[in-house]
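In what follows, chains carry the letters A, B, and so on, assigned in the order in which the sequence lines appear, proteins first and then strands, with residues in each chain numbered from 1.
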Amino acid sequence: MIDKYNAPEIEKKWQKKWADDKLYEVKEDSKRPKWYALTMFPYTSGDLHIGHWYAMAPSDVYARFKRLQGYNVLHPMGFDAFGLPAENAAIKRGIHPRKWTMANIENMRRQLKTMGAMYDWNREVITCDPKYYKWTQWFFTKLFQHDLAYRGKAPVNWCPQCQVVLANEQVENGLCWRCETPVVKRDLEQWLFRITKYADELMEHEGIDWPERIQIMQKNWVGKSYGTEVSFALDHPSVAEKEIKVFTTRPDTVFGVTFMVLAPEHPLVAKLTTPDKKAEVEAYVARTRRFTEIERLSTEKEKDGVFTGAYVTNRLTGDKVPVWIADYVLVGYGTGAVMAVPAHDERDFAFAKKYNIPIKTVISPPEWKGEELENAYIDDGTMINSSQFNGLPNREGTKAVTAFLEQKGWGKGTISYRMRDWLISRQRYWGAPIPMIYCDKCGTVPVPEKDLPVLLPEEADFSHQGESPLKYNEKWVNTKCPKCGSPGKRETDTIDGFMCSSWYFLRYCSPHYDKAAFDPEKTKYWMPVDIYTGGAEHAVMHLLYARFFTKAIRDMGLIDFGEPFKRLFNQGIIIADHQKMSKSKGNVINPDAYVNELGVDTVRAYMMFMGPWEQGGEWFDTGISGVSRWLNRIWKLALEEYQPKINDATAMKELERITHQIIKKITGDMDRLRFNTMIAALMEYTNYLNKVKESANVTNDAWQNSIEKLVLMIAPTAPHLAEELWHRTGHKYSIHNQPWPKWDEELAKEDEITLVVQVNGKLRDRITIPASITEEEAKKMSQASEKIKPFIQGQKVVNIIYVPGKLVNIVVR
RNA sequence: GCCGGGAUGGCGGAACUGGCAGACGCAGAGGACUUAAAAUCCUCCGGAGCAAUCCUUGUGGGUUCGAGUCCCUCUCCCGGCACCA
C-alpha cells in the first residue's frame with residue numbers, strides 16, 4: 001500500500017527545498033533565449049484574495065511552461081507600496097504609513113510564497129523603498145529637463161474625501177477612483193507631465209499583441225479628432241484680444257452659426273461681460289464651480305447658460321453673434337469656446353429652443369422643402385444658405401471652407417485630443433516627494449542627482465485637517481537652493497503612485513544596481529516584457545502611463561524601444577454567489593482554507609480549470625473537489641505498482657499514439673493560454689491511463705514512460721505534486737529543470753479514422769476506414785453502407801462532398 | 001446615446017480554419033465494496049419516442065451540400081466611454 005497524497009506536507013517540503021537551493025533565481029544567459037513573464041504587482045492593501053491568485057497563479061503556470069521549454073525565464077514580483085490607503089490607515093488608526101505598508105508586505109509575501117510560484121525573490125521591488133524612489137525622483141528631474149514635466153495652474157479634479165487632486169484617468173463617472181466621492185473642480189498650481197506630446201504614438205499599437213478591446217479603449221481615451229479652428233472677430237472697448245477662436249469638426253456649418261458659447265471658466269468671460277449682465281454671469285460661474293463633475297456632466301440636466309451681453313462677428317457672413325456661457329462647454333477641450341449651430345447640433349438645438357435663439361439651416365436634408373426642423377439635422381446633406389459654397393455636398397464643404405479660412409487667415413485645420421496632460425501632484429504624505437526646490441533667485445530648481453533621494457521624513461503629523469504633514473514640516477521644507485546656496489523651499493506635493501509603477505518592470509532587470517535606475521546591459525537583455533498579465537481595469541491608467549514613460553525615456557536615449565509590453569493579456573474576474581466578491585457582501589473567498597485542506601496545487605489547478613482565463617468564472621466548492629479527486633487519481637496512478645499481464649502490440653501502439661497526441665494538445669493549449677482545455681485534456685489522459693492499467697497490456701517501460709510524460713505535463717500547474725512524483729518514481733531533482741516533452745507528428749497520426757457519412761447534411765452513419773484511404777474509395781464505401789442505402793434509394797445523387805479524414809456528404813434529390 | 005464583448009444541457013464549460021453539438025468536470029440516478037457511512041470504483045445522464053426517427057446552441061430571417069461558427073434583424077446580459085463641439 002502506498003501512503004496518502006498529503007498535499008500540504010509535500011508542498012511545504014518542496015517550497016523549503018526550492019528556496020534553500022535558490023532554484024528560481026535567474027541570471028542573464030546569452031546561451032538561452034530569454035523570456036520576461038510579468039504579472040502586475042499588487043498594491044499593498046493587506047490581504048491577498050482569490051482575485052490576486054487568479055491573476056498570479058495562471059501566469060506562473062505559463063512562466064513555468066516557458067522555463068521547461070528551455071527559456072531563461074524572468075518572473076519577478078514586488079509591491080506597489082505608495083498610496084492613500086496607507087495614509088488613511090494612519091489617520092484612522094494612528095499607525096505610521098510605513099509601518100502599515102511594511103506589515104502588509106510581510107503578510108502578502110508570506111501568502112504569495114504559499115502559492116508556490118517561481119518568483120525570483122532576490123529581485124523583489126518595493127516602490128516606497130528609498131533605493132527605489134530615488135530613481136523615481138531622478139526620472140522626474142529628467143522629465144523636467146526635457147520639458148516633459150511642467151507646473152501649471154488649471155482647474156483640477158479635487159476629491160474632497162481624499163483631499164487630493166486626481167488625474168483625468170482617475171475620475172470614474174465623476175467619482176474618485178478610490179473612494180467614490182463626487183469630484184469637484186479647484187484651481188491649483190500643479191505638476192503635470194506632457195503625455196499629450198505622445199498622443200499620436202499612444203494611439204498606435206503597431207507591433208504589439210494586445211487585446212483589441214484595450215487598444216480601442218486607449219484610442220478612445222486619446223480621442224483624436226480632426227477639425228478646424230475658426231476665429232470670430234471681436235471688437236470690444238475693454239478687451240485687447242481682437243478675436244475668439246473656436247474648435248469645430250463641422251466647418252461646413254459655419255454659415256449657420258447663431259450664437260457662441262464659452263466655457264464658464266474661459267479667461268475672457270469676466271472681461272467681455274457687459275455691466276448689466278455682470279451679476280447674472282457671476283452667479284452662473286459661481287454655481288458651475290460648486291457643482292460636482294457628475295452634476296455638471298449629467299446628460300439628464302437641461303442645457304442652460306447666460307448671455308454675456310457681448311457679441312462677436314462671423315467673418316464669413318458679417319453677422320453679429322451673441323456670446324453666451326454654458327457649462328456644457330468644457331474649458332479643457334479645444335479652445336474652451338464653441339460656435340453654436342443649432343440646426344445641426346443636438347445640444348445647440350436644445351439650447352436655442354430654450355432661449356429663443358434663431359435656428360438657421362445650412363445643410364439641406366434630402367427632400368427638405370424649407371420647413372422648420374423638429375430636431376437638429378446632424379447627417380450629411382447639401383450646403384445651402386452658405387453663399388459661394390451652396391450646392392456642395394457637406395463633406396466636400398468641410399474641406400473647402402477650411403481651405404477658404406486658411407487663405408483668408410481666419411482659421412486653420414487642426415487636431416484636437418480628448419486626453420489631457422497627466423496631473424501628477426498629490427497633496428499627500430505617503431508618496432515620493434517631488435524633487436524640486438523653489439528659490440527666490442533661481443526659480444524652480446531640480447534636486448541634483450547627488451542629493452537624491454529626497455527622503456520622505458519619518459515624522460508625520462496628520463493633525464492638519466487632512467492636509468499633508470509635509471507642508472507643516474518646517475525643518476524639512478526649508479532647505480538650500482542647490483544652485484546658489486541661498487534659502488529655498490521644497491515642493492511639498494508628492495508624486496502620483498502611478499509614476500512609480502510606470503517603470504518598475506525596468507527595475508526588475510537589475511534591482512540592486514546603484515549607479516542608475518537600471519543597468520543598461522541587463523535591461524537590454526530582458527526587455528521588453530514578453531507577456532504582461534493583469535486586470536483590464538488598468539487599460540487607460542497604468543498601461544497608458546507606462547507606455548508614455550517608456551517612449552519618453554526612449555527619446556532621452558536611455559533605452560532603445562518604445563513599447564514596454566509585447567503581449568498583454570487580461571484575466572477575468574472570479575465571482576461568488578453570482579456576484580462580485582466584496583468584503584461588505586461577505587462573499588470573499590480566502591484561498592488559505594483550501595490550501596490548508598486540499599493543497600495549493602489543487603487550488604491552482606481548479607483556477608485553471610474553471611473556464612477560460614480571460615473570462616473568469618464562479619467559484620464552486622463542489623467544483624474544486626473534482627480537481628482534487630483528479631490529482632489524487634494521478635497520485636495513485638503514478639505510485640501504485642504496475643504489473644503487466646500481457647504484451648499487446650496494438651495496445652502499445654495506441655498508448656504511444658495517444659501520448660504523442662496529448663503532448664501536442666497540451667503544448668498547443670499552453671501556447672494559447674487555454675488552461676481550462678489543457679486540464680480537461682490531462683484529465684482525459686489520466687482516465688485513459690487508468691484503463692490501460694486495468695488491462696495491464698503494455699510493457700512496464702511503456703507504462704513508466706507514459707507516467708513520466710504525465711508528471712512533466714502537470715508540472716507547471718501542480719509543481720509540488722509533480723516534484724514529489726518525479727522524485728518518488730526515481731528521477732533526478734528537479735523536475736523544474738527538465739525539458740518539456742516533445743511529440744512526433746508521425747507517431748501521433750491515426751492509422752484508422754472515423755468517417756462521418758451524411759445525406760443532405762444529416763448524419764446517417766459513421767464508418768471506420770484506414771487513414772490512407774483515397775477520395776474515390778471513401779465515396780464508394782459511404783454509398784455502400786447499409787445505413788446509407790435507404791436514404792439514397794430511388795433518389796438521384798447530385799453531388800458528393802468529401803472532406804479528407806472527416807466526412808462525406810451525399811447530396812440527393 | 002456611442003464603442004466593444006457575450007448568450008450552448010440542471011450547473012461551469014468544450015467544439016482551434018464552416019464539417020459527428022454537448023469534450024472535461026460538477027450535480028443527479030442506479031450498482032459494487034462496507035455492519036454502516038465517508039472515500040473509491042463501475043454504469044447511465046439535453047428533450048420527445050417502444051423503436052426507426054425527430055427536435056435542440058437567446059429571437060426571426062439569409063448565405064451554403066452543410067451554420068453554435070459567416071451575413072442581416074431583434075431581445076437580454078456584461079465591460080468601457082459619455083455634453084469632447
Seminar exercise, completed: Whether each nucleotide of nucleotides 5-14 of chain B has a protein heavy atom under 4.0 Å at its base (B), only at its sugar-phosphate (S) or at neither (-) is summarised, 5' to 3', as ------SBSS
For this session: State which residues pass side chain to side chain donor-acceptor pair (under 3.5 Å) with A/Arg764; sequence neighbours excluded, sorted by chain then number.
Result: none
Just list the side-chain donor-acceptor pairs under 3.5 Å for residues 606-622 of chain A, sequence neighbours left out, or say none.
from     : atom 1 : to       : atom 2 : distance (Å)
A/Tyr606 : OH     : A/Phe620 : N      : 3.0
A/Tyr606 : OH     : A/Phe620 : O      : 3.2
A/Trp613 : NE1    : A/Tyr54  : O      : 2.9
A/Glu618 : OE1    : A/His578 : ND1    : 3.3
A/Glu618 : OE2    : A/Asp577 : N      : 3.2
A/Glu618 : OE2    : A/His578 : N      : 3.0
A/Trp619 : NE1    : A/Tyr594 : OH     : 3.3
A/Trp619 : NE1    : A/Asp621 : OD1    : 3.2
A/Asp621 : OD1    : A/Tyr594 : OH     : 2.5
A/Asp621 : OD2    : A/Tyr594 : OH     : 3.4

Problem set entry | side chain to side chain donor-acceptor pair (under 3.5 Å) involving A/Arg657 - partner list, sequence neighbours excluded | A/Glu750
With a 3.5 Å cut-off and sequence neighbours excluded, list the donor-acceptor pairs that the side chains of residues 680-693 of chain A form with protein atoms.
from     : atom 1 : to       : atom 2 : distance (Å)
A/Tyr685 : OH     : A/Thr659 : OG1    : 2.8
A/Thr686 : OG1    : A/Trp630 : NE1    : 2.9
A/Thr686 : OG1    : A/Leu682 : O      : 2.7
A/Tyr688 : OH     : A/Glu654 : OE1    : 2.9
A/Tyr688 : OH     : A/Leu655 : N      : 3.4
A/Lys693 : NZ     : A/Glu640 : OE1    : 2.8

Return all side-chain donor-acceptor pairs below 3.5 angstrom for residues 789-798 of chain A, not counting sequence neighbours, or 'none' if the list is empty.
from     : atom 1 : to       : atom 2 : distance (Å)
A/Lys789 : NZ     : A/Glu786 : OE2    : 3.4
A/Gln795 : NE2    : A/Phe791 : O      : 3.4

Exercise. Where along residues 657-666 of chain A does a heavy atom fall under 4.0 Å from RNA chain B?
Worked result: A/Lys665
Using a cutoff of under 3.5 Å, can you pull out all pairs of nitrogen or oxygen atoms linking the protein to nucleotides 60-71 of chain B, with atom names and distances?
from  : atom 1 : to       : atom 2 : distance (Å)
B/C65 : O2     : A/Asn809 : ND2    : 2.4

Problem set entry | Side chain A/Arg420 and base B/C84 donor-acceptor under 3.5 Å | yes
Exercise. Taking only residues two or more places apart in sequence or in another chain, which ones pass salt bridge (charged side-chain N to carboxylate O under 4.0 Å, His left out) with A/Glu775?
Worked result: A/Lys779
For nucleotides 37-45 of chain B, print each protein N/O atom paired with a nucleotide N/O atom at under 3.5 Å, atom names and distance only.
none

Problem set entry | Pairing of A/Arg567 and A/Asp209 as salt bridge, 4.0 angstrom limit | yes
Seminar exercise, completed: In RNA chain B, consecutive runs of at least three Watson-Crick or G-U pairs below 3.5 Å, as range with range, amount to B:1-7 with B:75-81, B:10-12 with B:24-26, B:28-32 with B:40-44, B:46-48 with B:53-55, B:60-62 with B:70-72
For this session: Would you indicate what A/Leu807 reaches in the nucleic acid, counting non-hydrogen atoms under 4.0 angstrom: base, sugar-phosphate, or nothing?
Result: base
Which atom pairs, donor and acceptor, lie under 3.5 Å between side-chain atoms of residues 260-269 of chain A and protein residues at least two apart or in another chain?
from     : atom 1 : to       : atom 2 : distance (Å)
A/Glu265 : OE2    : A/Arg296 : NH1    : 2.8
A/His266 : ND1    : A/Leu268 : N      : 3.2

